Protein chains: 2
Amino acid sequence: MPATIRDVARASGVHISTVSRTFSAPHLVNPETRVRVLACAEDLGYRPNRAARALITGRTHNIGLIVADIANPFFPPLIKAAEGQARHRDYHVFVADTNEDPVAEEDLVHAMAKQVDGVLLCSPRMSNSLIEQVSREVPVVVINRQVAGLPCVMMDVGQGARAAIEHLLALGHRRIALLGGPRGSWTAREMRRAATAAARGGGAELTVLGPNQPTETGGSALAEQVRRSGVTAVLAYNDLMAIGLIEGLDALGSRVPHDVSVVGVDDIALSRLTRPKLTTVATPTAAAGRTAVDMLLQLDSDAPRGARGRGAATGDRRTTAQVMLQTELVVRDSTGPVPAPGRDGTGA
Amino acid sequence: MPATIRDVARASGVHISTVSRTFSAPHLVNPETRVRVLACAEDLGYRPNRAARALITGRTHNIGLIVADIANPFFPPLIKAAEGQARHRDYHVFVADTNEDPVAEEDLVHAMAKQVDGVLLCSPRMSNSLIEQVSREVPVVVINRQVAGLPCVMMDVGQGARAAIEHLLALGHRRIALLGGPRGSWTAREMRRAATAAARGGGAELTVLGPNQPTETGGSALAEQVRRSGVTAVLAYNDLMAIGLIEGLDALGSRVPHDVSVVGVDDIALSRLTRPKLTTVATPTAAAGRTAVDMLLQLDSDAPRGARGRGAATGDRRTTAQVMLQTELVVRDSTGPVPAPGRDGTGA
DNA sequence: CAGTCGGTTGCAAAGGTTTGCAGCCGAAGA
DNA sequence: TCTTCGGCTGCAAACCTTTGCAACCGACTG
C-alpha cells in the first residue's frame with residue numbers, strides 16, 4: 001500500500017535512481033527535477049523504506065540500548081543522556097527491557113541486530129562468553145561490566161563500595177551486611193569484592209545476603225533477615241533495595257539511622273525524597289550514557305558494515321577502549337553512629 | 001564480515017534456498033541435510049539477516065512503543081505489560097522516548113516505521129492530523145488519546161477527574177486549582193473539561209494553572225502560585241506533579257493535607273511511598289499496554305503489509321476499535337477537610 | 001510399463017533501495 | 001570545427017532473504 005520509489009519515479013517521469021538521489025544526494029539533481037520529484041513524493045506520501053536502504057548502505061542510523069529493568073529509576077537518566085548524544089549525531093535510540101532475564105537479553109540483541117548499527121548492553125546479565133559471541137553479530141558497547149576485548153564503560157562501584165564501608169567504619173560500625181545484587185551482575189561482584197576487602201581491612205565483619213532481585217521488594221523482603229543478623233549497618237546493591245529495606249525495617253519497628261544505618265548505590269532522584277534521605281554512592285549515569293554512545297559511533301565509523309569491501313584496515317578493532325568512571329559517596333540522613341550496644345539487637 | 005546465507009550454502013554444498021528453508025521451514029528439508037546445514041551455520045556464526053527477511057516477508061516481529069517521557073514512572077508498568085503481551089505473541093518491543101517533544105515524536109515514528117510491524121503511540125503530543133498522516137506509513141495504535149478512524153485505547157480520566165473533584169467537594173472545598181498538563185496532551189484536555197464541569201456543578205470555583213511540564217519540577221514550581229491563589233485543594237495532572245507540589249508547598253510552610261489537599265493522577269508506585277501518601281486517580285496502565293498490543297497485532301494480521309497483493313478484502317480496516325478503560329479514585333492521606341477559614345490563606 | 005505421488009531440492013524472481021559507471025547535452029576552449 | 005568538461009540522468013548490479021514453481025528421484029499403483 002505505501003508508495004515506493006518506483007511509484008514516485010513513474011509519477012514524475014524520471015528514473016528511480018533520480019528519485020533516490022533527490023533524497024540522499026539532492027545536490028546531484030537538477031533543482032527543477034528535484035521540486036517535481038518532491039512534489040510527487042509528497043503527493044503519494046512517499047517515504048524511503050529504511051530497511052531497504054539499510055540493507056544496501058549497512059547503516060540504519062539507529063542504535064539499540066538494552067537495559068535490565070526499565071522500571072528501575074537508575075536507567076532513565078542514562079537512557080536520556082544516550083538519546084541526547086545520539087540525536088546530536090543524527091541517530092535514534094531504541095530501548096529494550098530484559099526484565100533481568102539473560103535469555104530475553106540474548107533474544108533482544110538478535111532482534112535488534114540488523115535494525116540498528118550497534119547495541120549498548122547496559123548492565124547485562126548474560127555471561128561474558130555470550131556477550132562476546134553476540135558481539136560478532138553486531139557492534140556492542142558494554143556498560144557496567146568488563147569484558148575483555150570489547151569496549152566497556154564502567155562505573156567504579158568498587159571504589160564506591162569501599163568509600164561506603166569506610167564511612168560506616170568511621171561511624172563505629174563493625175557488623176555490616178551487604179545486600180547482594182542479582183545473579184550475573186558484574187557490579188554486584190565488584191561491590192562484593194571491594195566491600196569484603198574494605199571491611200576486613202577495617203576489622204569489621206561483613207555478612208553477604210543474596211543474590212537478590214535489585215528492587216524495592218527485593219530490599220523489603222530482606223528486612224527480617226537483616227534484623228536477625230544483628231548487623232548495625234547495611235550496604236545495599238542499589239538505592240531501590242535500600243529504600244525497600246528501610247521500609248521493611250520500619251514495619252518491623254527498627255528505625256533508620258537510629259537502630260541501623262543504610263547506604264544505597266546509584267543516587268537516583270528518589271533517594272532525595274525519602275525520609276530519611278538516603279546516604280548513597282552516586283554513579284555518573286548520564287556520563288556513562290554519553291560515553292557509550294560516542295564509543296559505539298566511533299566503533300562503527302571505523303568498521304563500516306555491509307559496505308562493499310573497502311580495502312582498508314578493517315578487522316583491527318582492538319582499539320577497544322575501556323573507560324572507568326568515578327563514583328562519589330553522598331552522605332545524607334540514612335547513616336549515623338553505631339547504636340549503643342545491648343539495647344535491642346539479637347547480639348550480646 | 002558476518003556470514004550470509006550464501007556462505008552457509010557454499011560451506012554445506014546446498015542451494016541457498018535450502019539454507020533458507022532450514023531456518024524458516026525446517027520440515028521441508030531432509031533431516032540429514034538439515035543437521036549439516038545447521039552445523040555449518042553454527043560454525044560460521046550465521047544468523048539470518050532480519051532486515052532482508054523483513055523486506056520480503058513484510059514482517060519484522062517487532063513493535064515500536066513511543067512514550068513521552070521514559071523517566072515518568074507512569075510508563076514502565078505500561079511498557080512491561082506491553083512487552084509481556086508481545087512476548088506471548090512472539091514479538092519484541094522497541095521503546096523510544098520523545099522527551100515530550102512533538103517533533104522528536106514524528107521523527108521517531110519514521111525511524112521506526114520499517115523496523116517494526118506497528119507502533120504504539122503512547123500519550124502523543126503530536127496533532128491529530130499528524131498522527132493520522134503517519135498512520136498511513138505504519139500501522140498505529142494510539143494510547144491516551146482519541147483520534148477518529150484510528151484504533152485507540154484510552155483511560156477514562158474524565159471520570160477520574162470528576163470523582164476527584166467530587167471527593168474534594170464532599171470534603172468542603174470550594175476553591176480548587178487544576179494543575180494542567182503539557183500542551184498537546186489529550187488527557188490534559190479531558191481532565192480540564194471534566195474537572196471544570198464537575199466544579200461548576202458543585203458550586204465551586206476552579207482555577208486552571210498551566211500548561212506545565214508534567215514532572216516533579218513542574219509541580220514544585222507551582223507551589224508559590226498555588227499558595228497565592230488561595231485555593232484549598234489541588235488536582236494535579238499527574239502524581240509526579242502532585243508530589244512536586246507537596247514538596248514545594250512544604251518548603252513554603254504549607255502542610256498537606258492540613259492547609260491544602262492534593263490529588264494526583266496515575267497511582268504510580270511512588271505515590272504510596274511519599275508522606276503523606278497520595279490520594280490519586282488510579283489508571284489501568286498495564287491493561288492499556290496489553291490491550292494496545294493486542295489491537296495492533298490484530299490490526300496487521302488483518303492487513304498483511306508487503307505481501308504480494310493477496311486478493312482478499314484489504315483496505316477495510318474500519319474495524320478500528322476504540323477502547324475506554326475505567327479509572328478509580330484511591331483515597332489516601334493527601335486530602336482532608338477544608339481548613340477553617342481566616343487562619344492563613346490570602347483570602348478572607 | 002506408464003503414470004502418480006510424496007519428499008526434497010534447485011531456480012529465479014521479488015522486495016525497495018543505493019551507487020559506480022557510462023552516456024547525454026550544451027557550452028566553453030582551442 | 002573538434003575536444004573537453006561539467007552537470008545531470010539512466011542503467012544495472014548489489015544488498016540478503018523468501019517463496020512459487022518446476023524438476024528430480026525412487027517407489028508404488030494399476
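Worth saying up front: this structure is predicted, and the values here are computed from it rather than measured. Convention: sequence-line order gives letters A, B, ...; per-chain numbering from 1.
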Query raised in the report: Within the structure shown, what part of the strands sits under 4.0 Å from A/R6 by heavy-atom distance: base, sugar-phosphate, or nothing?
Result: base
Query raised in the report: Is the shortest heavy-atom distance from the side chain of B/L65 to the side chain of B/V293 under 4.5 Å?
Result: no
Query raised in the report: What integer distance in Å separates B/N49:CG from D/dA14:P?
Result: 18 Å
Report task. Enumerate the residues from residues 10-21 of chain A whose closest heavy atom to DNA chain C is under 4.0 Å, giving them by residue number; use none for an empty result. Result -> A/I16, A/S17, A/S20, A/R21
Requested in this report: Counting heavy atoms from C-beta on, name the nucleotide in C/dT18, D/dT17, D/dT9 closest to the side chain of A/V29.
Outcome: D/dT9
Report summary line: Nearest heavy-atom approach of B/T60 to B/R50 is O-NH2, 4.4 Å
**Report entry** Phosphate-side-chain proximity, B/T33 and C/dT9, N/O vs OP1/OP2 below 4.0 Å
**Finding:** yes
Query raised in the report: So, do A/F23 and A/R47 sit near enough that their side-chain heavy atoms are less than 4.5 Å apart?
Result: no
Query - Whole angstrom value for the distance that separates C1' of C/dG6 from CG of B/L28 - result: 12 Å
Query raised in the report: Who passes side chain to side chain donor-acceptor pair (under 3.5 Å) against A/S24, sequence neighbours left out?
Result: none
Query raised in the report: Considering all heavy atoms of both residues, which atom of B/P77 and which atom of B/F74 are nearest to each other, and what is their separation?
Result: CD-O, 3.4 Å
**Report entry** Pair listing, side-chain hydrogen bond (donor to acceptor under 3.5 Å, both in side chains) test, anchored in residues 27-41 of chain B, at least two apart
**Finding:** none
Query raised in the report: With a 4.0 Å cut-off on heavy atoms, is B/R47 in touch with a base, just the backbone sugar-phosphate, or nothing at all?
Result: sugar-phosphate
Report summary line: Taken to the nearest whole Å, NZ/B/K114 to P/D/dC16 is 21 Å
Query raised in the report: So which nucleotide from D/dC8, D/dC16, C/dT17 ends up closest to the side chain of A/P31?
Result: D/dC8
Query raised in the report: Rounded to the nearest Å, what distance is computed from the CZ atom of residue B/F23 to the P atom of nucleotide D/dT18?
Result: 9 Å
Query - Point-to-point distance, once rounded to the nearest 0.5 Å, from CG of B/D117 to OG1 of B/T57 - result: 8.0 Å
Report task. Starting at atom CG of A/L55, determine the distance to atom P of D/dA13, rounded to an integer number of angstrom. Result -> 17 Å
Query - Interatomic distance, A/I5 CD1 vs D/dG10 C1' [rounded to whole Å] - result: 13 Å
Query raised in the report: For the pair made of CG in B/N30 and P in D/dC24, what is the distance, rounded to whole Å?
Result: 19 Å
Report summary line: B/R50 CZ to C/dG15 C1', in whole Å, measures 18 Å
